[in-house]
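Structure provided below as structure tokens; questions to follow.
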Number of protein chains: 2
Amino acid sequence: MDHDGREGGPISDRMSRIEQMCVERGLKMTGQRRLIARVLSESEDHPDVEELYRRAVALDNRVSVATVYRTVRLLEEKGILERRDFGGGRARFDPADRGIHHHLIDVDTGNVIEFSDAEHDTLAREIAHRLGFELVQLRLEIFGRRR
Amino acid sequence: MDHDGREGGPISDRMSRIEQMCVERGLKMTGQRRLIARVLSESEDHPDVEELYRRAVALDNRVSVATVYRTVRLLEEKGILERRDFGGGRARFDPADRGIHHHLIDVDTGNVIEFSDAEHDTLAREIAHRLGFELVQLRLEIFGRRR
DNA sequence: CTAATTGCAAATCGTTTGCCATGTC
DNA sequence: GACATGGCAAACGATTTGCAATTAG
């Protein structure tokens, strides 16, 4: 039965997933933060700041890009977001509560396929340990050709 | 005219590894390109442009950063260098003729450790197969924190 | 009310580029 | 000599920041 930890109270009805995390970490919730949190919660991809800003403004134009930049950075520091770099010069963001996933790039078409593989992640963690490190982030890109 | 060819003999005495690759690809070899190629050949780490520039100037100050940027970009297009992104905002470079290896980046210091792991490569190949692809190239970057 | 947050525009940072001088093939 | 290449400084695109006005707690 997945009745997601909802019995706490009625607040969660209106609070987005990410907003909830913000509140848990004691962040002062302004209108723009709530907005950005909502946009993030509703996104299933890895938007960059420009894209987040676009989506946010579409819902409420009382935000500026600067605020999106500041918020995204704050949430990263709070461990709510993870900054990703898929190349292309802009940072992209990934809610930390999503699992680790990787990318397979079709070298012929340029298509990108997302996948995850627990066995791989475990192995990577082991490699890190072997080298004396605690795994913080993992980037695996497989370039392949359809067969 | 420069008298640098040693008839019959191994040119590689004077040419750096990277310079040789440049010549093979028909690049016009100027003094600054030769210099940068040498710096790259003698580097065992993954310097960024600023660092390459520093090392180059130390040997011969007749270079500018702009040229380092242009050269590094050119060599990348020619497949002599690979551009890497280890975070920190600056691109770092890796001669393409080094063996298959991956990177562990110390998130606190920015230090990069090279390693290879046959087990991992095998697993990656399997993952690619599982997704219907033939592995062409592999990029694994582990971001970790010393413990 | 107080301290944190926002918007705006100016400032940074890494990187690219236009223009003209210079050097290679 | 033709054409690629180098230097310089200005241009750029993404991100940050100073400051005054606004707002959450």
Side-chain angles (χ1 to χ4, degrees), chain A residues 11 14-15 19 22-37 39 46-54 56-57 59-78 80-93, chain B residues 1-5 11 14-15 18-19 22-39 46-54 56-57 59-78 80-93 110:
Chain A
I11 319 172
R14 296 215 141 261
M15 268 204 237
E19 182 181 349
C22 292
V23 172
E24 280 165 15
R25 280 159 235 228
L27 294 184
K28 185 185 281 191
M29 292 312 289
T30 66
Q32 20 279 81
R33 280 194 188 162
R34 231 182 297 274
L35 176 62
I36 295 167
V39 168
H46 310 96
D48 57 35
V49 167
E50 210 58 50
E51 181 59 28
L52 284 174
Y53 174 64
R54 227 173 284 128
V57 164
L59 300 176
D60 183 336
N61 69 321
R62 302 173 139 285
V63 218
S64 68
V65 233
T67 296
V68 178
Y69 271 107
R70 283 193 268 232
T71 302
V72 120
R73 171 170 264 255
L74 177 69
L75 299 204
E76 188 194 358
E77 283 163 8
K78 292 297 181 180
I80 295 172
L81 285 185
E82 274 170 26
R83 180 182 302 260
R84 298 273 172 145
D85 187 342
F86 296 159
R90 313 143 92 109
R92 306 184 53 179
F93 297 88
Chain B
M1 208 184 234
D2 235 338
H3 178 173
D4 59 353
I11 318 169
R14 294 217 145 258
M15 268 203 239
I18 304 283
E19 182 181 348
C22 291
V23 172
E24 280 166 14
R25 278 156 239 229
L27 294 184
K28 187 183 281 190
M29 290 314 289
T30 67
Q32 18 281 81
R33 281 195 187 160
R34 232 182 297 274
L35 175 62
I36 295 168
R38 181 177 153 201
V39 168
H46 308 89
D48 57 33
V49 167
E50 209 58 50
E51 180 59 28
L52 285 174
Y53 174 63
R54 228 173 285 129
V57 165
L59 299 177
D60 184 335
N61 69 322
R62 303 175 138 285
V63 217
S64 70
V65 233
T67 297
V68 178
Y69 272 107
R70 283 194 266 231
T71 302
V72 119
R73 172 170 266 256
L74 177 69
L75 299 204
E76 188 195 356
E77 283 162 8
K78 293 297 183 180
I80 295 172
L81 285 185
E82 277 170 24
R83 179 181 303 258
R84 302 276 174 168
D85 186 343
F86 297 154
R90 314 144 92 107
R92 307 186 50 181
F93 297 88

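Lettering of chains follows the sequences in order, A, B, ..., and the numbering in each one begins at 1. Predicted, not measured: the structure shown is a model, and the values here were computed from it.
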Are the aromatic ring centres of B/H46 and B/F93 under 6.0 angstrom apart?
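No; B/F93 has its ring centre 6.0 Å or more from that of B/H46.
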Are more than 12 heavy atoms, taken from residues, nucleotides or ligands other than A/R25, located less than 6.0 Å from that residue's CZ atom?
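Enclosed: over 12 neighbouring heavy atoms sit under 6.0 Å from CZ of A/R25.
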Atom CG of B/D48 and atom CG of B/D85: how far apart are they, to the nearest 0.5 Å?
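One gets 11.5 Å once the value is rounded to the nearest 0.5 Å.
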Where along residues 85-93 of chain B does a heavy atom come under 4.0 Å from DNA chain C, residue by residue in number order?
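Only B/G89, B/R90, B/A91 qualify.
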Mind checking which nucleotides bracket the chain A contacts on DNA chain D, 5' to 3', with an atom under 4.0 Å from a heavy atom?
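Range of nucleotides touched by chain A: D/dA14 to D/dG25.
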What is the distance from CZ of A/R34 to P of C/dA4, rounded to the nearest Å?
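About 19 Å, once rounded to whole Å.
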Rounded distance (Å) that lies between atom P of C/dG23 and atom CG of B/D60
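Computing the B/D60:CG to C/dG23:P distance gives 13 Å.
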Could you list the residues that satisfy ring pair (Phe, Tyr, Trp, His ring centres under 6.0 Å) with B/Y53, not counting sequence neighbours?
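Here no residue qualifies.
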Need the bend value for the helix from C/dC1-D/dG25 to C/dC25-D/dG1: angle between end axes, 5 pairs each end, nearest 10°.
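Roughly 40° between the end axes, to the nearest 10°.
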Round to the nearest Å and state the distance from A/L75 atom CG to C/dT5 atom P.
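Taking CG of A/L75 and P of C/dT5, I get 11 Å after rounding.
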State, with a plain yes or no, whether a side-chain heavy atom of B/E19 is found less than 4.5 Å away from one of B/R38.
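B/E19 vs B/R38: side chains apart.
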Is it true that a side-chain atom of A/R34 and a backbone atom of A/M29 form a donor plus acceptor pair closer than 3.5 Å?
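Yes.
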Distance from A/R62 atom CZ to A/L59 atom CG, nearest 0.5 Å?
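Answer rounded to 0.5 Å: 14.5 Å.
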What distance do A/L27 atom CG and A/T71 atom OG1 have between them, rounded to the nearest 0.5 Å?
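The distance works out to 9.5 Å.
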Are the side chains of A/L75 and A/I36 in touch, meaning some heavy atoms are under 4.5 Å apart?
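Side-chain contact under 4.5 Å: no.
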Please round to the nearest 0.5 Å and tell me the distance separating atom SG of A/C22 and atom CZ of A/R33.
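With rounding to 0.5 Å, SG (A/C22) is 7.5 Å from CZ (A/R33).
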Round to a whole Å and report the spacing from CD of B/E51 to P of C/dG14.
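Result: 13 Å.
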Check the interface with nucleotides 6-9 of chain C: list each N/O to N/O pair with the protein under 3.5 Å, or write none.
from	atom 1	to	atom 2	distance (Å)
C/dT6	OP1	A/T30	OG1	2.9
C/dT6	O3'	A/Q32	NE2	2.9
C/dG7	OP1	A/Q32	NE2	3.0
C/dG7	OP1	A/R62	O	2.5
C/dG7	OP1	A/V63	N	3.4
C/dG7	OP2	A/S64	N	3.1
C/dG7	OP2	A/S64	OG	2.7
C/dG7	OP2	A/T67	OG1	2.1
C/dG7	N7	A/R70	NH2	2.6
C/dG7	O6	A/R70	NH2	3.3
C/dC8	N4	A/R70	NH2	3.4

With salt bridge (charged side-chain N to carboxylate O under 4.0 Å, His left out) as the rule and sequence neighbours excluded, what pairs involving residues 66-77 of chain A come up?
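As it turns out, the salt bridge (charged side-chain N to carboxylate O under 4.0 Å, His left out) pairs with a partner in residues 66-77 of chain A, which skip direct neighbours, are A/E76-A/R83.
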When the nearest nucleotide of DNA chain C is assigned to B/Y69 and to A/K28 on a heavy-atom basis, which residue is associated with the more 5' position?
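This one resolves to A/K28.
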At what distance, to the nearest 0.5 angstrom, does CZ of B/R92 lie from CG of B/L52?
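Between atom CZ of B/R92 and atom CG of B/L52 there are 10.5 Å.
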Gap separating the CE atom of B/M15 from the CD atom of B/E24, nearest 0.5 angstrom
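The distance works out to 8.5 Å.
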